[in-house]
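What follows is a short report on a single structure.
Each ligand, and each atom within it, is numbered from 1 in the order the structure gives. All values derive from a computational prediction rather than experimental measurement. Index from 1, following the sequence.
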Amino acid sequence: MDYCMKIHAMNAQMDHTPLAMVDTYGCQQNEADSERLRGYLSEMGYGFTDDEHKADLVLVNTCAIREHAEQRVLGNVGALTHTKRANPNQIICLCGCMAQEEHVAKKVRESYRQVDLLFGPHALWRFPELLWRFRATGKRVFEHTDEAGSIAEGIPVVRQGGVKAWVSIMYGCNNFCTYCIVPYVRGRERSRRPQVILEEIRGLVAEGYKDITLLGQNVNSYGKDLDGPMDFADLLKEAAGIPGDFLLRFMTSHPKDASQKLFETMASSEKIAPCFHLPFQAGSDRILKAMNRVYDRAGYLDKVRRLREQIPDVVITSDVIVGFPGETTEEFEETLSLIEEVRFDALFTFIYSPRVGTPAASMPDPMSREEKLRNFQRLVDRQDQISEEKHAAYIGKTVRCLVDGKDEKGLTARTPGNRLVRLTGEESLIGSFVDVAITGANKWSLFGELA
Ligand code: SAH
Ligand code: SF4
Ligand code: F3S
């Protein structure tokens, strides 16, 4: 905070209020991190803009999960050479998961001269100090050393919107799925203390937030590194006990630690949304093993069965990878049959992308890109039908939804299971729970009227 004050004093000398643009890629963890970075920037006296031409400082918070995400970031950072040419005082910062990768840091140092400051997720809490160092010396600052990881509490936050909020409950991941970069860039699992999490949720409820999502790469291992005897189900139960009209969600869950206790806790409280994002990644046991996912197909299906036993109308969504190295078309068919068996409400489908330094990147990968794309399309087409059928089943029902915003097509709302509902109505409804009669549906969303 001292560094924030120092930069604030520098900014006060400028002939205008300096503006910052924060450009965020990747998952909700990164969204939550960007809210903290905005919190710092605001303390430093920056205003905000979405226009990189007007920005005195551009902060790109990056994602390394797939090649495509990295290419987009590098393309956009490349384009910033033009804005910097027009405004040589513009400060360009690159942070997030890509910044933690050695080869990316090297590439940026050598070929992206416009980047003044680079820091990985471990150094996020030191952003004010790093920025001050750059501003005081004019020398590029690169901070991406690996460390065991710590937790910084008390970072200011500027949240986007007043209805939904993210609360990180833990950082990092210990699972080392063989395709995944996250454990390398985010470090080992570490849980925030329950008291600070519950305090944050109480504060959000008091401020009027209605939809609160607890975040972690694997929330089900929450608390394993803490002294006190509190696991994720206990934390969720405590959070649901906070008075007020709000819904709790959480993501992401690894099937290996999705416990019966958690399913029962969810069923015991109306405040815990009846939805579960439970990535399965592949339908074949051989591939699951090669991915180091630690569960098998039967174990996954058993969790789904037990979850539905507790919460019959639970909305289940999942992630799946097509074309993991060595996956044959017969093995891919097992992924197809798994989605037939479960009938997910929605699926996030990805084509395998090799990540430098992960074990899968050096596994033999004989299947052609064309064949992977063909399989991928088959999966998407089948899931689209299932999603459409699942959505059609809502027609004629009345559902209590949270109106969470609006776009060019009208108001948007969410069912308790987090399905998108479009409806017409007054903007003043944003932030309220309303009963919606569902009148139509397609594969992406539901349509309704105020009941
Ligand atoms: N912690 C979460 C997922 C984080 S990444 C979990 O364990 O479920 C989000 C999703 O991206 C993953 O579930 C996976 O489906 C996908 N993914 C991760 N690495 C990938 C890679 N190298 N190629 C393609 N998809 C990948
Ligand atoms: Fe990646 Fe696996 Fe950790 Fe999820 S659980 S972040 S997929 S290593
Ligand atoms: Fe991407 Fe990092 Fe999230 S790699 S998916 S932003 S944890």
Within-shell test, I321 vs ligand 1, heavy atom, strictly < 4.0 Å: yes
Sequence neighbours excluded - ring pair (Phe, Tyr, Trp, His ring centres under 6.0 Å) pairs with any residue from residues 305-340: F324-Y352
Metal proximity, C177 vs atom 3 (Fe) of ligand 2, N/O/S cut-off 2.8 Å: no
Shortest protein heavy-atom distance from atom 7 (S) of ligand 2, along with the residue and atom involved: Y179 OH, 3.4 Å
Close N or O approach (Y179, ligand 1; < 3.5 Å): yes
Atoms of ligand 3, numbered as shown, that sit under 4.0 Å from any heavy atom of Q217: 7 (S)
Proximity of R293 to ligand 1 by residue part, where a heavy atom lies under 4.0 Å: side chain
Contact partition for Q281 relative to ligand 1, non-hydrogen atoms under 4.0 Å: side chain
R36 bridged to D33 by N-O distance under 4.0 Å: yes
For atom 5 (S) of ligand 2, closest protein heavy-atom neighbour: N175 ND2, 3.3 Å
R109 NZ/CZ over F142 ring centroid, <6.0 Å and within 45° of normal: yes
Atoms of ligand 1 close to P279 [distance to a heavy atom under 4.0 angstrom, numbered from 1]: 8 (O)
Around atom 1 (Fe) of ligand 3, number of protein N/O/S atoms which are nearer than 2.8 Å: 1
Ligand 2 contacted by R186 (non-hydrogen, < 4.0 Å): no
Neighbour count above 12 (heavy atom, 6.0 Å) for K261 NZ: yes
F232 ring center near F250 ring center (under 6.0 Å): yes
Min heavy-atom dist V182 to ligand 1 below 4.0 Å: no
Protein contact of atom 1 (Fe) of ligand 2 - nearest heavy atom, named by residue and atom, plus distance: C180 SG, 2.3 Å
Salt bridge present between R305 and D302 (N-O < 4.0 angstrom): yes
Atoms of ligand 2 close to H254 [distance to a heavy atom under 4.0 angstrom, numbered from 1]: 5 (S)
For atom 16 (C) of ligand 1, the option (of Q28, R355, R66, K256) bearing the nearest heavy atom: R66
Residue part near ligand 1, for I351, under 4.0 Å between non-hydrogen atoms: backbone
Pi-cation contact, F350 with R66 (under 6.0 Å, within 45°): yes
Electrostatic pair D257-K224, nearest N-O below 4.0 angstrom: yes
Donor-acceptor side-chain pairing of Q383 and T349 below 3.5 angstrom: no
Selection from M251, Q217, Q29 by shortest heavy-atom distance to atom 4 (C) of ligand 1: Q217
Per-atom contacts, ligand 2 versus F176 - under 4.0 Å to a heavy atom: 8 (S)
NZ/NE/NH1/NH2 to OD/OE distance under 4.0 Å, R297 and D285: no
Part of P183 with heavy atoms under 4.0 Å of ligand 2, whether side chain, backbone, both or neither: side chain
Flag, side chain of R190 to backbone of S150, donor-acceptor distance under 3.5 Å: yes
Aromatic ring proximity, centroids under 6.0 angstrom, Y295 and F280: no
Ion pair R133/E143, N-O distance below 4.0 Å: yes
Basic-acidic side-chain contact under 4.0 Å: E238, K271: no
Residue and atom name of the nearest protein heavy atom (relative to atom 3 (Fe) of ligand 2), distance in Å to one decimal: C173 SG, 2.3 Å
